[in-house]
Protein chains: 2
Amino acid sequence: MDRKKQVLEAASRSFALFGYKATTMDQVAKIANVGKGTIYTFFDTKEQLFDEIVNGVISEMKSIILREVDHDRKFFDNLFRVLDSFLEFRSEHELLIKLSQELRDVGTPQSQEAMAQVENVILGYIEKEIERAIARGELRDCDPKIVSFLMVKMYIALTSEWNKNHEPLSKEQIKEHIRLFLENGLAANA
Amino acid sequence: MDRKKQVLEAASRSFALFGYKATTMDQVAKIANVGKGTIYTFFDTKEQLFDEIVNGVISEMKSIILREVDHDRKFFDNLFRVLDSFLEFRSEHELLIKLSQELRDVGTPQSQEAMAQVENVILGYIEKEIERAIARGELRDCDPKIVSFLMVKMYIALTSEWNKNHEPLSKEQIKEHIRLFLENGLAANA
DNA sequence: GATTGACCGAAAAACAATTCCAGTCATAAG
DNA sequence: CTTATGACTGGAATTGTTTTTCGGTCAATC
């Protein structure tokens with residue numbers, strides 16, 4: 001039985017369920033059915049264990065992007081395909097949702113760090129794709145840094161900030177509004 | 001000498017400079033050159049005094065909107081005209097900037113309340129204007145609630161969130177990007 | 001050699017002592 | 001008599017102290 005895997009599994013669940021601060025190493029050991037010392041044969045510190053898990057999530061996201069993005073297709077085609085996959089896979093977002101909540105409520109530095117890392121990875125990908133799309137004449141000439149920043153902010157606004165005062169939006173509504181702002185623009189006409 | 005005006009003036013400056021929590025009534029009294037008791041002849045509580053000032057700011061904003069919006073003009077015309085005035089008048093935003101900072105750092109409920117009030121007023125105006133513009137066929141058919149929400153989020157993202165990790169954007173950059181997302185859309189073409 | 005859980009110390013939570021400040025009111029000034 | 005004042009009060013916030021919690025170690029066990 002792969003003990004390391006057991007530990008990772010247990011820690012993953014615990015972090016996603018209780019956040020960084022509220023997960024104790026004793027708890028992880030118990031869930032994983034291992035002595036606490038065993039954890040420390042695989043991971044030097046709680047923080048390293050956490051990083052490993054966060055990196056796992058980031059890798060999953062990267063692989064989604066890699067899988068869905070095809071440079072022979074249109075920029076918006078790729079964008080909405082990735083968006084779809086992200087909106088679909090709540091499971092791996094579970095951790096991120098908990099962390100952003102923890103960040104709001106307690107301001108745990110580790111959760112802040114983790115969120116920033118994830119955001120930067122996504123931001124980097126979008127930026128590159130925007131550059132490529134501009135070069136290919138698919139997008140207007142614009143500042144990729146600012147535009148990718150705005151795209152991520154829009155995504156966050158629609159998927160989580162909106163929910164603070166309203167009923168959550170459906171995946172279709174989210175996609176439609178991103179399309180409205182990014183692709184078409186608000187102005188009527190053609 | 002109008003004592004009430006003196007108090008409002010002093011409190012205004014103090015709230016804008018130190019935030020809600022860090023202004024004391026003794027301080028306000030001192031700045032206003034009044035005894036502390038005098039303040040309580042005009043205002044029942046510190047919170048009421050604060051509300052009065054916040055309402056003043058909201059009124060100023062409303063009057064800017066009233067002054068700049070002309071329903072004979074195009075929606076975007078009016079939008080950018082108001083935007084211009086808002087970006088220009090940092091002074092009255094001073095208080096709001098301080099309050100959002102206080103909200104971030106300490107989470108003072110009064111500053112949260114104030115920010116929410118301001119946001120709702122703006123949101124309401126934009127929503128109405130969007131409805132009108134849709135009815136006139138100037139804008140695509142869309143959900144005014146969601147779209148006004150996104151517009152405000154975009155404004156906040158560009159004017160304050162961006163500054164956390166980057167050099168502040170110029171007024172022109174901010175307007176250009178709002179135009180890019182709202183009016184034109186990102187897609188190249190014509 | 002691998003695994004464990006009792007153990008350690010540092011860091012956080014809980015609690016107590018102290019300071020601070022919104023709001024009052026007896027007194028003073030006009 | 002009316003209006004203004006600032007010393008005073010009590011409860012809330014802050015600071016200082018004790019207790020508990022938990023990340024990490026390591027001698028004992030398998």
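Here is how names work: the chains are called A, B, and so on, in the same order as the sequence lines, proteins then strands, and each is numbered from 1. Every value quoted in this text rests on a predicted model; they were computed, and no experiment measured them.
Between the side chain of B:Gln6 and the backbone N or O of B:Ala32, at least one donor-acceptor pair lies under 3.5 Å. Listed for the A:Thr108 side chain is no donor-acceptor partner under 3.5 Å among the backbone atoms of A:Gln110.
Applying a 4.0 Å cut-off to non-hydrogen atoms, none of the residues of residues 39-53 of chain A approaches DNA chain C. Contacts between residues 15-38 of chain A and DNA chain C, counted as heavy-atom distances below 4.0 Å, involve A:Lys21, A:Val34, A:Gly35, A:Lys36, A:Gly37, A:Thr38.
Here the CD1 atom belonging to A:Ile178 is positioned 10.0 Å from the CD atom belonging to A:Glu176, to the nearest 0.5 angstrom.
Remark: P of D:dT2 and CZ of B:Arg3 are 18 Å apart, rounded to the nearest angstrom.
Shown are A:Val121, A:Asn78, A:Val82; of these, the side-chain contact (heavy atoms from CB on, under 4.5 Å) with A:Ile65 is made only by A:Val82. Partner B:Lys36 forms a side-chain contact (heavy atoms from CB on, under 4.5 Å) with one of B:Met25, B:Gln27, B:Lys30 and no other, that one being B:Met25.
Across all non-hydrogen atoms, the minimal contact from B:Ala157 to A:Phe149 is O-CE2, 3.6 Å. Between B:Phe15 and B:Ile53, the closest heavy-atom pair is CD1-CD1, 3.7 Å.
In this structure, B:Lys46 satisfies the cation-pi test against B:Tyr20, with its NZ or CZ atom closer than 6.0 Å to the six-membered ring centre and inside 45 degrees of the ring normal.
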What nitrogen or oxygen pairs link the protein and nucleotides 27-29 of chain D at under 3.5 Å?
none

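The shortest side-chain heavy-atom distance between B:Leu150 and A:Leu180 does not fall under the 4.5 Å cut-off.
Surrounding CD of A:Glu172 are more than 12 heavy atoms belonging to other residues, nucleotides or ligands, all under 6.0 Å away.
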